[in-house]
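The structure displayed is predicted, hence computed values, not measured ones.
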Amino acid sequence: LLLVAVWLASRRDLGRGLLGVRPGPARAARWLRSPLGLAWRLQRGLLAGWVAGLAVTGLVVGAITKSIGQLLSQNRALAHVFAHLGGSTGLVNAYLAAMMSLLGIIVSSYAIQALLRLRAEEVSGHAEPVLASATTRGRWAASHLSLSLLGPAAALLAAGLGVGLGHGLETGHPAQELLQVLPAAAVQLPAVWVLTGVTMLLVGALPRWAALSWAALALCLLLSLVGTALQLNQSVLGISPFAHVPLLPGGSLVLAPLAWLALIAALLAAAGIAALERRAIPTP
């Protein structure tokens with residue numbers, strides 16, 4: 001494939017493809033005449049790729065759950081690690097809870113990537129013609145923020161469906177496994193939204209440092225994978241929003257931490273939009 005790509009690149013014109021691109025329609029569709037429609041048009045390919053990838057990943061995770069349970073029952077050290085990652089109510093439930101938490105952190109990558117499109121549009125100069133119209137900065141930012149909030153929900157739903165179906169086909173009870181796994185996927189969403197809020201705040205208040213949102217994600221991943229295994233103090237582990245997510249399946253559903261995470265995410269996002277409305281655009 002690499003050799004074919006090099007050969008094709010050597011035969012085409014710079015900036016053009018071997019296959020001609022058909023011109024689009026002369027007038028935009030009605031749904032494309034709003035900031036949200038434009039944001040959807042710019043990011044729909046990214047979202048589709050993430051949803052498809054999470055669905056396939058979920059199927060793989062679910063399909064090996066049964067064999068993982070057998071492996072954990074034979075390996076006390078590995079069982080101890082998963083018990084710390086996902087709770088101690090059954091090894092299979094601990095494995096599923098740990099994997100759903102990990103998938104939640106992975107989905108956060110999409111949320112950050114989608115919201116950083118705001119900064120990319122600003123730096124490239126594409127935001128200027130949009131803001132030169134009647135579109136306000138708040139509506140422009142909210143359009144991309146909406147996709148960063150709803151997109152992870154779709155990706156987590158795809159992951160939960162994949163895990164539930166993969167595990168259910170192995171056990172012969174797909175409906176039962178879906179009812180267990182889907183709530184475990186849903187409770188990850190408020191924690192993902194916190195990282196979305198952090199990204200929005202950085203884009204709005206500290207645009208030159210917007211890439212630090214990836215550092216926040218890396219910290220959450222490090223605390224989830226290494227911090228729990230090292231049995232760090234709970235005050236340190238609590239830095240990650242995913243440390244406050246109920247451990248499902250197997251644990252009890254507590255709504256208060258999820259409500260607090262959603263509130264924190266909303267405050268961070270609102271502060272980011274307020275800062276964006278007051279600073280200069282573009283900021284190189």
Side-chain angles (χ1 to χ4, degrees), residues 47 50-69 72 79 81-111 148-197 217 220-221 223-225 228 237-238 240-266:
L47 177 58
W50 272 94
V51 169
L54 265 295
V56 173
T57 302
L59 281 172
V60 174
V61 170
I64 66 175
T65 299
K66 187 176 181 179
S67 58
I68 286 293
L72 292 179
V81 171
F82 272 99
H84 277 286
L85 286 173
S88 57
T89 310
L91 294 179
V92 172
N93 284 343
Y95 165 75
L96 288 174
M99 294 310 298
M100 293 313 303
S101 178
L102 181 59
L103 289 175
I105 296 176
I106 292 174
V107 169
S108 300
S109 300
Y110 162 77
S148 297
L149 295 174
L150 299 179
L156 283 171
L157 175 61
L161 288 173
V163 174
L165 288 175
H167 186 36
L169 292 176
E170 286 290 317
T171 61
H173 306 286
Q176 178 181 344
E177 301 302 335
L178 280 173
L179 290 177
Q180 280 191 327
V181 174
L182 285 178
V187 295
Q188 309 298 325
L189 194 55
V192 176
W193 285 346
V194 170
L195 289 178
T196 301
L217 175 63
C220 292
L221 183 61
L223 290 174
S224 296
L225 295 182
T228 50
L237 297 177
S240 170
F242 293 92
H244 305 280
V245 174
L247 297 175
L248 301 178
S252 57
L253 177 60
V254 182
L255 297 179
L258 300 179
W260 279 109
L261 289 175
L263 178 60
I264 292 172

Practice task
Let me see the working for L149 and V192 under side chain to side chain contact (heavy atoms under 4.5 Å, CB included), right down to the final yes or no.
Solution key: CA-CA 8 Å; L149 295 174; V192 176; over 6 Å; no
Problem - Full working for side chain to side chain contact (heavy atoms under 4.5 Å, CB included) between Y95 and I64 - result: CA-CA 11 Å; Y95 165 75; I64 66 175; 3.5 Å; yes
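Residues L169 and L59 have side chains not in contact (no heavy-atom distance under 4.5 Å, counting atoms from C-beta outward). A 4.5 Å side-chain heavy-atom check between V194 and F242 finds every atom pair outside the cut-off. Side-chain contact between H167 and V181: absent, with no pair of heavy atoms (C-beta onward) separated by less than 4.5 Å.
Scanning for side-chain contact (heavy atoms from CB on, under 4.5 Å) contacts around S148 gives A114, L115, T196, with sequence neighbours left out. In this structure, the side-chain contact (heavy atoms from CB on, under 4.5 Å) partners of P257, at least two apart in sequence or on a different chain, are H244, V254. Listed by chain and residue number, nothing satisfies the side chain to side chain donor-acceptor pair (under 3.5 Å) test with W193 (two or more places apart in sequence, or in another chain). By the side-chain contact (heavy atoms from CB on, under 4.5 Å) test, L217 pairs with I105, S108, S109, I112, L195, W214, sequence neighbours left out. The side-chain contact (heavy atoms from CB on, under 4.5 Å) search around A158 returns V51, A55, not counting sequence neighbours.
Here the CG-CG distance, from L248 to N93, works out to 9.5 Å after rounding to the nearest 0.5 Å. Summarising the geometry, atom CG belonging to L247 is positioned 12.0 Å from atom CG belonging to L96; distances are rounded to the nearest 0.5 Å. Of the inter-residue distances, the one linking I106 atom CD1 with T57 atom OG1 reads 7.0 Å to the nearest 0.5 angstrom. Distance check: L161 CG to L54 CG gives 11.0 Å after rounding to the nearest 0.5 Å. Of the inter-residue distances, the one linking Q180 atom CD with H173 atom NE2 reads 11.0 Å to the nearest 0.5 angstrom.
In terms of heavy-atom proximity, G160 sits nearest to A185 at CA-CB, 4.0 Å. What you find for L103 and V163 is that their closest heavy atoms are CD1-CG2, 4.2 Å. For the residue pair Q188 and G104, the shortest heavy atom distance occurs at CB-CA, 4.1 Å. Contact record, L261 with P241: CD1-O, 3.7 Å, taken as the closest heavy-atom pair. Looking at every heavy atom in both residues, P246 comes nearest to V187 through O-CG2, 4.0 Å.
The closest donor-acceptor contact from the side chain of S101 to the backbone of A97 lies at 3.5 Å or more, if one exists at all.
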